[in-house]
There are 2 protein chains.
Amino acid sequence: MTTEENILTQARMVFYQKGLAGARMQEIADLAGINKAMLHYYFKTKEQLFDKVFVQAFEAFAKEIVKILNSELELEDKITNYINHTIDVLTKDPGIPVFVLNELTYNPQRITELFAGTDMVDLEVFSEQVNKQTKGNVDPETLFIDMVALCVYPFVVAPVFKKMLQKTDQQYADMLQARKAHIKNNILLRISNPS
Amino acid sequence: MTTEENILTQARMVFYQKGLAGARMQEIADLAGINKAMLHYYFKTKEQLFDKVFVQAFEAFAKEIVKILNSELELEDKITNYINHTIDVLTKDPGIPVFVLNELTYNPQRITELFAGTDMVDLEVFSEQVNKQTKGNVDPETLFIDMVALCVYPFVVAPVFKKMLQKTDQQYADMLQARKAHIKNNILLRISNPS
DNA sequence: GTCTATATTGTGATAGAC
DNA sequence: GTCTATCACAATATAGAC
């Protein structure tokens with residue numbers, strides 16, 4: 001691993017845990033086993049380092065998901081893929097959503113600029129598929145929001161729910177895995193039985 | 001309004017927007033129309049001020065909800081009340097969830113200590129009702145998680161979804177109101193038709 | 001209670017030798 | 001590329017007069 005990759009790895013951990021404002025260059029340097037001067041040698045400013053970490057985190061989270069949503073997969077498979085993939089990614093890296101949401105809320109303009117050139121998620125393909133299959137009886141946007149909410153929210157509030165439901169880390173992880181099938185049922189049922 | 005209440009109001013705005021680490025005492029003082037010395041006269045430290053704001057925010061969000069969940073309302077009414085109340089509270093004060101989740105993630109020990117004495121949400125009453133009504137065919141915890149996720153998540157990711165779905169603030173607000181009935185249908189259907 | 005001035009510390013960033 | 005030493009400034013907090 002190069003020094004730069006090492007820095008990025010450690011920086012990600014610190015930024016995940018403390019955000020941009022709360023992170024300290026000293027702590028990142030310590031974790032990376034270098035000193036502050038070296039850190040600034042590789043990344044001139046804290047913001048520069050943060051931006052790189054943020055973009056990597058966001059892409060890790062969003063890139064594959066966008067690909068799935070815009071693929072030519074059949075609707076049922078697409079939904080199944082989305083749910084499985086989202087839960088798997090977040091299981092590996094549960095800090096992503098709060099980190100992203102957080103900085104998005106605390107520093108919207110910076111993030112907006114960061115993604116000025118990037119193409120956003122668009123729901124055209126997905127919406128068309130839903131409309132066709134349900135003969136216009138299911139609102140695609142609502143279905144999408146629900147699907148995302150059911151997948152992601154339990155990760156976002158993990159510390160709260162873990163305590164509230166008195167579950168160990170392992171029990172909570174098992175529950176999240178079990179949600180794959182549960183969410184799939186809920187969403188697919190609404191497509192096959194539009195109310 | 002007393003000076004103390006004034007400070008708390010302004011502090012809440014700043015903490016909501018920037019978090020504990022990102023907030024500046026100077027900005028809070030400016031907004032309150034006083035100087036830093038006065039601010040420290042009323043609240044000795046930034047952390048002290050933050051804790052007061054946090055507890056107020058959390059209670060505003062959680063207190064009524066806990067009351068509803070533990071009430072003796074009939075299950076259908078309880079669910080309807082929960083959904084309506086949650087969406088109404090968050091519509092008035094959409095900054096709460098990210099603020100709370102954020103600090104809960106970035107500073108779990110501080111928050112845990114803050115609520116050491118408080119009684120948490122418990123799902124006993126709710127779970128019993130669900131078990132009775134569905135003859136044990138619906139998992140109460142899963143139902144609860146889904147209900148909360150469907151209500152709260154659209155507020156948490158409002159900036160993202162607004163942009164992605166290209167909605168104005170008003171359109172997004174209307175959509176959130178319309179979700180009241182939608183979520184109610186989804187949840188109540190699962191109770192009356194356990195799969 | 002309210003202010004000005006200041007102490008004190010933490011932190012991002014750089015200079016400059018090696 | 002790597003280090004030590006240090007700058008410059010921002011931010012919390014306090015002292016002390018009124």
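So you know, we letter chains A, B, ... as the sequences are listed, proteins then strands, and number each from 1. Quick caveat, the model's predicted, so the values are computed rather than measured.
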Are B:Phe15 and B:Phe50 near enough that their ring centres are under 6.0 Å apart?
yes

Is A:Asn131 close to A:Asn137 at the side-chain level, that is, under 4.5 Å between some pair of heavy atoms?
no

Minimum heavy-atom separation for A:Ala57 to A:Ile96, with atom names?
O-CD1, 4.0 Å

Length of the OH-C1' vector between B:Tyr41 and D:dT14, whole Å
14 Å

Note: A:Glu141-B:Lys167 ion pair, threshold 4.0 Å (strictly below)
yes

For the pair B:Lys184 and B:Glu76, find out whether any cationic side-chain nitrogen is under 4.0 Å from an anionic carboxylate oxygen.
no

Please tell me whether A:Asp146 and B:His182 have a donor and an acceptor in their side chains that are separated by less than 3.5 angstrom.
yes

Taking 5' to 3' order, which nucleotide of DNA chain C is first and which is last to have an atom within less than 4.0 Å of a heavy atom in chain B?
C:dG1 to C:dT4

Given the options A:Val98, A:Leu104, A:Thr105, B:Val98 meets side chain to side chain contact (heavy atoms under 4.5 Å, CB included) only with A:Thr105

Name the nucleic acid region contacted by B:Tyr42, choosing base, sugar-phosphate or nothing; use a 4.0 angstrom heavy-atom cut-off, strictly under.
sugar-phosphate

Interatomic distance, B:Lys46 NZ vs D:dT12 P [rounded to whole Å]
5 Å

Without decimals, in angstroms, what is the distance between B:Met38 CE and D:dA15 C1'?
16 Å

Scan residues 21-37 of chain B against DNA chain C and write down, sorted by residue number, each residue with any heavy atom closer than 4.0 Å; if none is found, say none.
B:Asn35, B:Ala37

Would you say the side chains of A:Asn102 and B:Tyr106 form a donor-acceptor pair under 3.5 Å?
yes

